[in-house]
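Presented below is the structure to which this report refers.
Numbering of ligands and ligand atoms starts at 1, following listing order. Predicted model only: the values in this text are computed from it and were never measured.
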Amino acid sequence: MSSLFPALDAGSERPALRFGDRSLTYGELRAVAGSLAARLDGAGRVAVWATPTLETAVAVVAALLAGVPAVPLNPKTGERELTHIVTDSGPALVLAAADAELPPALASLPRTDIPTGVPADGSGDRGGAGVPPRAEPASPADPALVVYTSGTTGPPKGAVLSRRAVAATLDALEDAWGWTSDDVLVHALPLFHVHGLILGVLGPLRRGGSVRHLGRFTTGGVARELADGGTMLFGVPTMYHRVAEALADEPQLAKALAGARLLVSGSAALPVHDHERIAALTGRRVIERYGMTETLMNTSVRADDVEPRTGSVGVPLPGVDLRLVEEDGTEITAYDGETVGEIQVRGPNLFTEYLNRPDATAAAFDGTWFRTGDMAVRDADGSVRIVGRKATDLIKSGGYKIGAGEIENALLDHPGVREAAVTGEPDADLGERIVAWVVPADPGAPPSGQELADHVAAQLAPHKRPRVVRYLEVLPRNDMGKILKRALRG
Ligand code: MCA
Ligand code: AMP
């Protein structure tokens, strides 16, 4: 793997990135990201203020060209979580769009504005002629990105993802999806997670194709871009649910989806009802792939699969070993569609470690196998169906993974809260919604649900805020004092 982005080395007038009315060709991206990369050489880790804009894509590409690991930051992250991420990852500087306002938690970091205009030295004509391709100094085992992800307890951990892992996962998807330089990917995913950033931006760039990012998700935006040359759509189930809801009233949307080459859903399970509504109204089947921040992509339904695969996440990707394991560690050999076990994986797609957390890294592996915590069955043809999750304290809401423990800790920091427990409840739109069970410090004057939601949003992130708050006089506990979450029901 000499380069993560062969098409960027070549430079051309082909479109690479489009965000709203701003775009860059491969030649322009080479010039802009190349000049930023020259300034980052040897910088150590760099944080990227990952707004859903052209700047974020340029900054991450520049960091990769410079061989400097990038730490994408959710620009809506609250104070407590941002302070943790910055302290833990220790970036040398933060890259941000020139017009971005940075919060106090980043005040101590030097800031570099991300350019998006081609340098004025003549190196950036549309084809980028005259700019020598940059040698990427890093080796495949070197870190490309550190992506923060929630666990059941404690603050988020930084998953260190190597250049090899990024390349391996994207090349495996090329095979599974017939992904080529002719593909124009449309999406509106956030750019601080694997789905939106690695698959959704680095994916098209590695293929020499292009990406059109909508800035924010709307069904109208999806319809417009797919009708105007988009060939692929990536989304989380909440987005496909909203598409399914809108189809009856938006004939242009159905037509645009019908014309796409590939509709891909991931990050959480797409409910059968939404699969079926989309298939019925567009004639197209959404395919699912299954991955994790720590493993990148593990399985996918193949684009050339002729069978409808509703409810399946497909077969292991090339290079990925996957096994199912019983509670006692015994490997399940049956491909019977009913024996449930934990998915464990190994392959070049796996993360290297959790940053500064050798304990957590060691606990995540069973020998060379990574324990995903996802429970599944395998069908006779090797395809995998996910049936649940080992940890009840992990919630998937809108495709975001959220640990109950981090929300409980934030709630307990509120002076009006004496005790708190957090659970996930089924939600047609979000998959699961976060429910906070609160024993108020003063039963006569409990803090309002809005106040607690705002508190969690300000400390952690808006997507971690409770959508429902229920008040109790005491939390149900067992003899050992452990909260009985199963006894908490609406
Ligand atoms: C509401 N808002 C608030 C508050 N209440 N802000 C501060 N304080 C409050 N109390 C704001 C929100 O910030 C947001 O602002 C707006 O109100 C609406 O927010 P919300 O209702 O939460 O969400 P939504 O706009 O309805 O978003 C649904 C969504 C989103 C678009 C589907 O959940 C999403 O983008 N999900 C993608 C998750 C993802 O990419 N996961 C990948 C990780 P504003 O309007 O300004 O936005 S998993 C992964 O990477 C693995 C590898 C995999 O397999 O893919
Ligand atoms: P994250 O840690 O945020 O990267 O989320 C990874 C988790 O998302 C996995 O462990 C799964 O539980 C879930 N996930 C991802 N893709 C799918 C899918 N297609 N179907 C069901 N669950 C999924």
Task: Aromatic centroids of Y148 and F192 separated by under 6.0 Å - done: no
- [ ] Could you tell me whether M292 approaches ligand 2 through its side chain, its backbone, both or neither, with non-hydrogen atoms closer than 4.0 Å?
- [x] both
Task: Taking atom 3 (C) of ligand 1 as the reference point, the nearest protein heavy atom with its distance - done: P462 CB, 4.1 Å
- [ ] Give the residue and atom name of whichever protein heavy atom lies nearest to atom 21 (O) of ligand 1, and the separation in Å to one decimal.
- [x] R467 NH1, 3.2 Å
Task: Shortest protein contact, atom 9 (C) of ligand 2 (heavy atom only) - done: D374 OD2, 3.3 Å
- [ ] Could you tell me the residue and atom name of the protein heavy atom closest to atom 10 (N) of ligand 1, and the distance to it rounded to 0.1 Å?
- [x] D454 OD1, 2.6 Å
Open item on the list: Strictly less than 4.0 Å: does any protein heavy-atom distance to atom 16 (C) of ligand 1 fall in that range?
Closed with: no
Task: Within-cutoff protein neighbour (heavy atom, under 4.0 Å) for atom 25 (O) of ligand 1 - done: no
- [ ] Check each of A376, G151, A268, P237 against atom 17 (C) of ligand 2 and report the one with the nearest heavy atom.
- [x] A268
Open item on the list: Taking 4.0 angstrom as the limit and counting only heavy atoms of T293, give me the atoms of ligand 2 inside it, by number and element.
Closed with: 1 (P), 2 (O), 3 (O), 4 (O)
Task: Geometric N/O contact S265 with ligand 2, under 3.5 angstrom - done: no
Open item on the list: Show the atoms of ligand 2 that are less than 4.0 angstrom away from any heavy atom in V313.
Closed with: 18 (C), 19 (N), 20 (N)
Open item on the list: Within the 4.5 Å heavy-atom criterion, are R309 and R302 side-chain neighbours or not?
Closed with: no
- [ ] Just need the protein heavy atom nearest to atom 35 (O) of ligand 1, so name the residue and atom and give the distance.
- [x] P190 CD, 3.6 Å
Task: For T149, the ligand 2 atoms whose distance to one of its heavy atoms is below 4.0 Å - done: 2 (O)
Task: For A269, the ligand 2 atoms whose distance to one of its heavy atoms is below 4.0 Å - done: 20 (N), 21 (C), 22 (N)
Open item on the list: Do L202 and L64 have side chains that approach each other closer than 4.5 Å (heavy atoms only, starting at C-beta)?
Closed with: yes
- [ ] Measure the spacing between OH of Y290 and OG of S300 and express it to the nearest 0.5 Å.
- [x] 13.0 Å
- [ ] Look at atom 16 (N) of ligand 2 and say which protein heavy atom is nearest, naming residue and atom and giving the distance to 0.1 Å.
- [x] S267 N, 3.1 Å
- [ ] Using atom types as modelled and distance alone, determine if a side-chain donor or acceptor of K390 lies under 3.5 Å from a backbone N or O of M375.
- [x] no
Open item on the list: If I apply the N/O under 3.5 Å rule, does R389 come out as touching ligand 2?
Closed with: no
Open item on the list: Looking only at protein heavy atoms, which one is nearest to atom 54 (O) of ligand 1, and what is the separation?
Closed with: R289 NH1, 3.0 Å
- [ ] Between K401 and ligand 1, find which residue part has any heavy-atom pair under 4.0 Å and reply side chain, backbone, both or neither.
- [x] neither
TODO: Could you tell me which atoms of ligand 2, counted from 1 in the order shown, lie closer than 4.0 angstrom to a heavy atom of K396?
DONE: 1 (P), 3 (O), 5 (O), 6 (C), 7 (C), 8 (O)
Open item on the list: Taking 4.0 angstrom as the limit and counting only heavy atoms of E288, give me the atoms of ligand 2 inside it, by number and element.
Closed with: 18 (C), 19 (N), 20 (N)
TODO: Please check if any side-chain donor atom of Y335 sits under 3.5 Å from a side-chain acceptor atom of D381, or the reverse.
DONE: no
- [ ] Answer yes or no: are there more than 12 heavy-atom neighbours, outside E79 itself, under 6.0 Å from its atom CD?
- [x] no
TODO: Ignoring hydrogens, tell whether any protein atom lies closer than 4.0 Å to atom 52 (C) of ligand 1; use the non-hydrogen atoms only.
DONE: yes
Open item on the list: Students should be able to answer this: which protein heavy-atom is nearest to atom 31 (C) of ligand 1, and at what distance?
Closed with: M239 CE, 4.0 Å
- [ ] Give the residue and atom name of whichever protein heavy atom lies nearest to atom 2 (O) of ligand 2, and the separation in Å to one decimal.
- [x] K401 NZ, 2.8 Å
